[in-house]
Q: 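Right, I'll just put the structure down here and ask away after.
Note that ligands are numbered from 1 as they come in the structure, with each ligand's atoms numbered from 1 the same way. Predicted model, so just to flag it, every value in this text is computed and none were measured.
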Amino acid sequence: MRVVIVGAGPAGLTVAETLREYDRSVEIVLLSREPFPPYAPPAMADYFLTGRRETLFWKGEDACRRLEVDYRQNVRVSQVRPAQKQLNLEDGASLSYDRLVIASGSSLYAPLPGRELPGVYDFKSLTAAHSLVEEGKRRPGGKALIVGAGFIGVEIAILLRELGLVVTVIELSDRVMPRMLDAETAEIALSVMRERGIEVRLGTKAAGFTGKRKAEAVALESGDGLQADVYVAATGVKPHVEFLAGSGLDVGWGVRVDNYLRTNVPDVYAAGDVAETFDRLTGERYVHAIFPNAVAQAQVAARNLLGLETPYPGSENMNSLKHLGLPVMAVGAAEGEEEWRWRQGNALRKIFLRDGRIVGFRLTGDVSTAGLYRALMLARADVRTLGKRLLDPRVSAGALALAAASGRLDLRLSA
Ligand SMILES: Cc1cc2nc3c(=O)[nH]c(=O)nc-3n(C[C@H](O)[C@H](O)[C@H](O)COP(=O)(O)OP(=O)(O)OC[C@H]3O[C@@H](n4cnc5c(N)ncnc54)[C@H](O)[C@@H]3O)c2cc1C
């Protein structure tokens with residue numbers, strides 16, 4: 001059997017790895033339109049700052065050789081023809097498959113006029129990130145303007161600042177990372193960003209990028225214009241689905257899949273940032289474009305593809321911010337019927353509850369209780385008897401975990 005995987009990001013590589021775990025004989029062809037070994041995008045900023053390769057090439061630079069995967073770089077799939085079980089490649093060649101996995105990920109984008117002008121950069125792939133960083137390094141002391149203060153926009157701002165650029169971020173909302181953080185946590189993150197010398201303009205709406213042959217400014221709805229040397233469009237991420245036009249695959253925002261990561265077309269699966277799955281807690285259809293979801297989906301898709309029937313429990317809404325200098329963790333909803341909070345300076349623990357159950361939490365500073373809160377949330381445990389001791393920094397995460405696991409919720413404070 002030949003399995004072809006489109007995209008060698010965390011999802012694509014995990015599909016290959018999982019297939020190999022169960023089956024030594026399956027032929028695995030992994031396609032990447034990029035010229036690198038499979039890498040982990042969350043490690044890119046660290047790689048550009050420190051040169052460290054181990055976390056970037058997270059399964060080792062020789063992963064494909066070890067897994068006996070036929071890895072083809074610089075290969076872009078241009079069309080999928082399920083009736084013939086074939087793919088068309090951009091160089092004119094075609095490739096047949098028995099099973100196909102779409103793991104083509106996503107790009108940063110902003111739905112703004114002028115988005116395609118040269119000088120407007122992406123940072124979602126290593127190829128794109130190299131272009132941005134090289135341009136940034138050519139302009140020490142130059143100006144960078146990032147449209148969108150989502151978590152990737154913020155991570156890019158920190159990286160460019162570290163590289164010596166003068167960085168401004170504009171954000172439509174009244175807070176940074178509005179989809180990830182509640183107002184209080186966002187306010188803490190914002191103060192740290194400003195301490196690091198990043199200018200953040202909230203409540204500022206971009207109308208588009210302007211310029212003739214290249215981007216020369218960002219026009220604001222207010223009528224003003226902001227000029228910089230480097231621009232980044234980062235208001236969201238958009239799944240790579242263009243090459244699926246005419247394939248008959250059900251595509252909404254991403255590729256729609258069922259509980260087994262199957263698409264509507266036989267023998268075609270999808271996983272990772274390109275897949276439109278459902279939220280584990282709310283059941284809502286969504287693309288939760290984060291690393292752990294991509295890996296979990298890939299494992300499930302690979303098992304199902306081999307006939308090892310495995311339902312997908314749903315995606316999780318969680319994220320962490322690295323490199324800010326202050327750990328920030330966001331999991332689940334950012335509001336509830338009830339809110340428990342503890343704060344000391346920039347250290348915050350905040351839990352959102354509905355009907356005595358955790359539906360989300362935000363942490364800054366010490367994030368060591370994240371694993372426990374998440375486990376209680378996923379178990380839908382009634383935490384009312386634990387009460388606000390859950391937030392008390394004098395109670396160790398370990399003691400809480402033990403108490404929660406044993407059902408002995410009458411914790412004493414360990415002063
Ligand atoms: C800067 C940054 C920081 C991040 N930080 C975090 C974090 O802290 N925590 C977290 O959970 N997540 C984080 N993420 C998100 C995480 O990286 C993604 O969720 C994850 O990479 C998704 O993996 P994927 O394999 O689905 O897609 P991708 O990583 O996007 O990989 C898809 C690959 O497919 C290739 N491809 C696309 N179309 C084609 C085609 N037609 N033919 C051939 N190849 C194709 C692409 O070029 C790409 O190499 C971060 C992302 C970025 C960019």
Q: Counting each atom of ligand 1 from 1 as listed, which ones have a heavy atom of Ser320 under 4.0 Å away?
A: 8 (O)
Q: Taking only heavy atoms of Phe243 into account, list the atoms of ligand 1 that are under 4.0 Å away from them.
A: 41 (N)
Q: Taking the basic N atoms (NZ, or NE/NH1/NH2) and the acidic carboxylate oxygens, is any pair closer than 4.0 Å for Glu135 and Arg139?
A: yes
Q: Below 4.0 Å, non-hydrogen atoms only: which portion of Ser106 touches ligand 1? Side chain, backbone, both or neither.
A: backbone
Q: For ligand 1, is there an atom lying under 4.0 Å from some heavy atom of Val75?
A: yes
Q: Where is the nearest protein heavy atom to atom 2 (C) of ligand 1: which residue, which atom, and how far?
A: Pro41 O, 4.0 Å
Q: Could you list which atoms of ligand 1 come closer than 4.0 Å to a heavy atom of Phe291?
A: 10 (C), 11 (O), 12 (N), 16 (C), 19 (O)
Q: So is there a nitrogen or oxygen of Ala11 less than 3.5 Å from a nitrogen or oxygen in ligand 1?
A: yes
Q: Please set out all donor-acceptor pairs under 3.5 angstrom arising from side-chain atoms of residues 143-167, sequence neighbours excluded.
A:
{"residue": "Glu155", "atom": "OE1", "partner": "Lys322", "partner atom": "NZ", "Å": "3.3"}
{"residue": "Arg161", "atom": "NE", "partner": "Arg196", "partner atom": "O", "Å": "3.2"}
{"residue": "Arg161", "atom": "NE", "partner": "Gly197", "partner atom": "O", "Å": "3.4"}
{"residue": "Arg161", "atom": "NH1", "partner": "Leu165", "partner atom": "O", "Å": "2.8"}
{"residue": "Glu162", "atom": "OE2", "partner": "Arg196", "partner atom": "NH2", "Å": "2.5"}

Q: Among protein heavy atoms, which lies nearest atom 18 (C) of ligand 1, and at what distance?
A: Asp273 OD2, 3.4 Å
Q: Looking only at heavy atoms of Ala45, does any of them come nearer than 4.0 Å to an atom of ligand 1?
A: no
Q: Show me which atoms of ligand 1 lie under 4.0 Å from any heavy atom of Ala294.
A: 22 (C), 23 (O)
Q: Would you mind running through ligand 1 and noting each atom that sits below 4.0 Å from a heavy atom of Pro292?
A: 11 (O)
Q: Between Arg2 and Asp98, does at least one N-O distance fall below 4.0 Å, as a salt bridge requires?
A: no
Q: Below a 4.0 angstrom heavy-atom separation, can you tell me which part of Lys124, side chain or backbone, both or neither, approaches ligand 1?
A: both
Q: Atom OH of residue position Tyr286 - does it have more than 12 heavy atoms of other residues, nucleotides or ligands inside 6.0 Å?
A: no
Q: Applying a heavy-atom cut-off of 4.0 Å, say which part of Ser125 lies close to ligand 1: side chain, backbone, both or neither.
A: neither
Q: Could you tell me the residue and atom name of the protein heavy atom closest to atom 37 (C) of ligand 1, and the distance to it rounded to 0.1 Å?
A: Ser104 O, 3.0 Å
Q: Taking non-hydrogen atoms only, is Phe123 closer than 4.0 angstrom to ligand 1 via side chain, backbone, both or neither?
A: both
Q: What are the atoms of ligand 1, with element, lying closer than 4.0 Å to any heavy atom of Gly272?
A: 26 (O)
Q: Does atom CD of Glu338 have more than 12 heavy-atom neighbours, drawn from other residues, nucleotides or ligands, at distances under 6.0 Å?
A: yes
Q: Only pairs at least two apart or in different chains count here, so list each ring pair (Phe, Tyr, Trp, His ring centres under 6.0 Å) that has a residue in residues 47-78.
A: Phe48-His130, Trp58-Phe291
Q: Looking only at protein heavy atoms, identify the closest one to atom 40 (C) of ligand 1 and say how far it is in Å.
A: Val77 N, 3.7 Å
Q: Would you indicate which of Leu30, Leu159, Val15, Ile152 comes nearest to atom 52 (C) of ligand 1 when only heavy atoms are counted?
A: Ile152
Q: Can you name the atoms of ligand 1, numbered from 1 with element, that are less than 4.0 Å from a heavy atom of Ala103?
A: 32 (C), 34 (O)
Q: Counting from 1, what ligand 1 atoms have a heavy atom of Glu155 closer than 4.0 Å?
A: 1 (C), 3 (C)
Q: Considering residues, nucleotides and ligands other than Arg24, do more than 12 of their heavy atoms fall under 6.0 Å from its CZ?
A: yes
Q: Asn319: heavy atom below 4.0 Å from ligand 1, yes or no?
A: yes
Q: Looking only at N/O atoms, are Val6 and ligand 1 under 3.5 Å apart anywhere?
A: no
Q: Which distance, rounded to the nearest 0.5 Å, do you find between the OG1 of Thr18 and the CD of Gln299?
A: 5.0 Å
Q: Examine the proximity of ligand 1 to Arg33 and report which part, side chain or backbone, both or neither, has a heavy atom under 4.0 Å away.
A: both
